[in-house]
Undergrad: 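What follows is a single structure, and I will ask about it in a moment.
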Amino acid sequence: MHGWRNGLGVFNGLARLHLKSQSSELRSMQKGDEMPVARRESSDSRVIAHIDMDCFYVQVEQRKRPELKGQPAAVVQYNSWKGGGLIAVSYEARKYGVKRSMRGYEAKEVCPIIQLVQVPVARGKADLNAYREAGSEVVSILARRGRCERASIDEVYLDLTEAAETMLAAAPPDSLEIVNEEALRSHILGLNQEDNSDVKENVRKWICRSSADRRDKLLACGVLIVADLRMQVLQDTQFTCSAGIAHNKMLAKLASAMNKPAQQTAVPFSSVKGLLASFPIKKMKQLGGKLGSSLQTDLCVNTVGDLWQFSQEKLQEHYGINTGTWLWNIARGINGDEVEGRLLPKSHGSGKTFPGPSALKNLSSVQHWLNGLCEELSERLQSDLEHNRRIARTLTLHAHAYKTNSSDQQVKFPSKSCSLRYGSPKIQEDAMNLFQAGLREFYGSSNVIQHGWRITGLSVSASKIVAVPSGTCPITKYFQGQQPTCSSSKLLVGDCTEVAYSSVSFSEDEDADKIHTTISNEDSSIQVPSYYQSDGADVSKEAATATSTSGRESCLESNLIGSPSTMSNELSCEPKPDLHTLDRQVRKKSSVDKGKSSILNFFRRVNSNSPLQMHNPAGGTQDHTLSHSDGSRLETELWHYKVDDIDPSVIDELPPEFQEEIRAWLRPHKRPNTVKSGSNVSIASFFSSTSTP
DNA sequence: ACGGCTTGCACG
DNA sequence: TCGTGCAAG
């Protein structure tokens, strides 16, 4: 227990910079302070929600076939063997004891009246697109009230801090005459519900309590907002969901599962300790597997409360610096993970298993299945390009295999990747080559004749997805921006886009025009923040006069202008993610943008008289020096900014699109996972590697 | 060598 | 950077 109290007030600093009033602490933080990994102190006052769709695949099928609503039902794939495997089960069916991972036949045994709906099949494999699209519908609604992170096909995190603060300032709960019925149905952990009491009235009192501390009031606002959002989701999509509202992601996630389906649960700070004390360790996210088992068997930890007796150092010795620190923190309800603004997946994949006798035995069957997988992948990449203007740069092939007549069964089939060329035929060709490369390695030196092989699983995936430079910039201009002079540097977006264009436009015949118009479409009927509009014009002018690099730059800039919703009208029934969010999230990860991100240009214009020194406090070798992509710095001064010199309060004044980026620089980073005993690494040493300009 | 198919992330 | 393994749903 001793660590609990210790955990409450010990940490200062970076994590709090979202609060204007506390931003000065960022500057005052001195050497000797302790700051291992991303964390927040437990005075964390964010309002975070986790939204979890109820048996989502079932709901999607029920919307398609309304006669299934209210019925015991399950979604099943591959009806061929033992009635197929269940992947989603309605709550009515769960009452009969039907579980996910049952076979169709088993489900029928315990619940004879269950309705089994098959997952759509395309090219001989399960086709999950309907569920993906339904998930996007939900995300587009949930993203309305705050930063939104698509955590999976049916789960979303929301950072509602700002919305809650705004509500608290403008229309605080204690001023409300009527409270949303859905909000009144909330579960408030720790709220005493006496036997005869009016439950809803108690919830109303809690929500409207004027004596509540600020954190509870913010949480109450969160409860109201989430109730509202959930109603919107239901109205617009017919889907129900459950939600957790808390001060961080971990607690929100715990809470969302506590009352399902179609309910929401809030975790006031005062109830955290009681909640965790007896909470089964294996039910914590990330602890459902080997790590959780290790805690149980090696440390005799069965509940989160059992973790309290271990010092940080002890946990670090066992599990490494990062995991150890993380464990110590989550045991105390501390979790600084940010809600990433990301509405779209980071990769696409298509795969299939070939169990038992269905294992593939020769190249032609591998080719057959690989072709189908690649076709599906290609379609999804096309769709991502059209809807979101993104391209993937890397193609990866995974396979599971074993050798017949061989002793070294433990040898794994290696994954292989290459740069991704668009167009189904190219992807198929490349995937097949990757497979053969993997196969050669898989053989090793073993005797091919004696040792045949079987393939039990194949998958292809596309990753490293980046935004396509597009918008006001004609393609010709765009290509001028990336002459061979760049070849030595890492202009991956450009290089890859070029590939994408040529192959998409010329290999997939009928798509050529579509792609072109997509890229060059510049309908500007959408609303663009004023700082973009004025800047956009400026940048375009600069682009027109400069030669070597500004073509590229202007493309990147103009990416901020124009909207995906203006494109591909025939597909416009689908929800389109917000381009600004999209652009921000892509830019954040792009190695290209590290050196030339729009935010630096923004600073350059705003502070043109006083260039600041900027370095990344934790970025190691990362360099935020702005230089042109061709490496010529002729007319480009070197703009250095030092993070310490940025008044954190200024961040809130920046365009929201930039705030995220800046905060990412300021955020603590993970340390290399070397286990050190006595591991209080000082801030000084943490920063020292990059503190020289 | 079966629960199947996706995703994301940490590690070396 | 690439490839592997873990975890989740």
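Quick caveat: nothing in here was measured; it's all calculated off a predicted structure. Every chain is numbered from 1 and lettered A, B, ... according to where its sequence line falls, protein lines coming before strand lines.
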Undergrad: Taking atom P of dC5(B) as reference, at what distance in whole Å does atom CD of Gln118(A) sit?
TA: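 For the pair Gln118(A) CD and dC5(B) P, the rounded distance is 14 Å.
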
Undergrad: Quickly work out the Lys464(A) NZ to dC9(B) P distance and round it to whole Å.
TA: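 Atom-to-atom, Lys464(A) to dC9(B), this comes out as 14 Å.
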
Undergrad: Can you tell me, in whole Å, how much space there is between the P of dC2(B) and that of dG9(C)?
TA: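 One P to the other, the span is 22 Å.
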
Undergrad: More 5' along DNA chain B: Ile87(A) or Ser347(A), using each one's nearest nucleotide?
TA: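 Its nucleotide being nearer the 5' end, the pick is Ile87(A).
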
Undergrad: If you measure from the C1' atom in dT1(C) to the same atom in dC9(B), how many Å do you get, rounded?
TA: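 It comes out at 16 Å once rounded to the nearest Å.
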
Undergrad: Nearest whole Å is fine: how far is dC5(B) P from Asn129(A) CG?
TA: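 The answer, rounded to whole Å, is 14 Å.
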
Undergrad: In terms of side-chain heavy atoms of Arg132(A), which of dG4(B), dT7(B), dC5(B) is nearest?
TA: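 So the side chain of Arg132(A) is nearest to dT7(B).
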
Undergrad: Without decimals, in angstroms, what is the distance between Leu373(A) CG and dC5(B) C1'?
TA: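 Taking atom C1' of dC5(B) as the reference, CG of Leu373(A) is at 11 Å.
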
Undergrad: Go nucleotide by nucleotide along DNA chain B from the 5' end; which of Tyr402(A) and Arg380(A) gets its closest nucleotide reached first?
TA: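 Whichever sits nearer the 5' end wins; that is Tyr402(A).
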
Undergrad: Would you kindly give the CZ-to-P distance between Arg150(A) and dG8(B), to the nearest whole Å?
TA: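 Checked: the CZ to P distance equals 7 Å.
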
Undergrad: Separation of Lys352(A) atom NZ from dC5(B) atom P, in whole Å?
TA: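 In whole Å, dC5(B) P and Lys352(A) NZ are 5 Å from each other.
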
Undergrad: If you only use heavy atoms from C-beta on, which nucleotide in dG3(B), dG4(B), dG8(B) is closest to the side chain of Arg103(A)?
TA: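 Side chain of Arg103(A) sits closest to dG3(B).
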
Undergrad: Using the salt bridge (charged side-chain N to carboxylate O under 4.0 Å, His left out) rule, collect all pairs that involve residues 351-363 of chain A, keeping only residues at least two apart or in two chains.
TA: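 Of all non-adjacent pairs touching residues 351-363 of chain A, none passes salt bridge (charged side-chain N to carboxylate O under 4.0 Å, His left out).
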
Undergrad: Report the residue from Thr323(A), Leu307(A), Thr325(A) that forms a side chain to side chain contact (heavy atoms under 4.5 Å, CB included) with Leu315(A).
TA: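 Single pass found, and it is Leu307(A).
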
Undergrad: Identify whether any heavy atom of Ser459(A) sits under 4.0 Å from a base atom; if not, whether one sits that close to sugar-phosphate; answer base, sugar-phosphate or nothing.
TA: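 If one applies the 4.0 Å heavy-atom cut-off, Ser459(A) turns out to touch nothing in the nucleic acid.
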
Undergrad: Whole Å only: how far is the CG atom of Leu360(A) from the P atom of dC2(B)?
TA: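 These atoms are roughly 16 Å apart.
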
Undergrad: Any ion pair linking Glu376(A) and Arg123(A) (charged N to carboxylate O, less than 4.0 Å)?
TA: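 No, this pair does not count.
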
Undergrad: Regarding Gly351(A), tell me which of base, sugar-phosphate or nothing describes its non-hydrogen contacts under 4.0 Å with the strands shown.
TA: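 Contact class for Gly351(A): sugar-phosphate only.
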
Undergrad: Taking atom NZ of Lys64(A) as the centre, does the number of heavy atoms from other residues, nucleotides or ligands within less than 6.0 Å exceed 12?
TA: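 Yes.
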
Undergrad: What integer number of Å spans the C1' atoms of dT4(C) and dG3(B)?
TA: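 Taking atom C1' in both dT4(C) and dG3(B), they lie 23 Å apart.
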
Undergrad: Kindly say if Lys99(A) contacts the phosphate of dG3(B), meaning a side-chain N or O under 4.0 Å from OP1 or OP2.
TA: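 So the side-chain polar atoms of Lys99(A) never come under 4.0 Å of the phosphate oxygens OP1 or OP2 of dG3(B).
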
Undergrad: Please state how far atom CH2 in Trp81(A) lies from atom P in dG3(B), giving the value in whole angstrom units.
TA: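 Whole-Å distance recorded here is 8 Å.
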
Undergrad: Are the side chains of Ile48(A) and Asp159(A) in touch, meaning some heavy atoms are under 4.5 Å apart?
TA: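 A side-chain contact exists here, since the closest heavy-atom pair is under 4.5 Å.
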
Undergrad: Assign a letter to each nucleotide of nucleotides 3-9 of chain C from its 5' end: B, base within under 4.0 Å of a protein heavy atom; S, sugar-phosphate only; -, no contact.
TA: SSSSSSB

Undergrad: Please confirm whether Lys253(A) makes a cation-pi placement over Tyr157(A), using NZ or CZ under 6.0 Å from the six-membered ring centre and within 45° of the ring normal.
TA: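 So Lys253(A) doesn't make the cation-pi contact.
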
Undergrad: May I ask you to say whether Glu340(A) pairs ionically with Lys346(A), meaning some side-chain N is under 4.0 Å from a carboxylate O?
TA: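 Salt bridge flag = no for Lys346(A) with Glu340(A).
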
Undergrad: In Å and rounded to the nearest 0.5 Å, what is the NZ to CD distance from Lys426(A) to Glu429(A)?
TA: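 It is 7.0 Å, given to the nearest 0.5 Å.
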
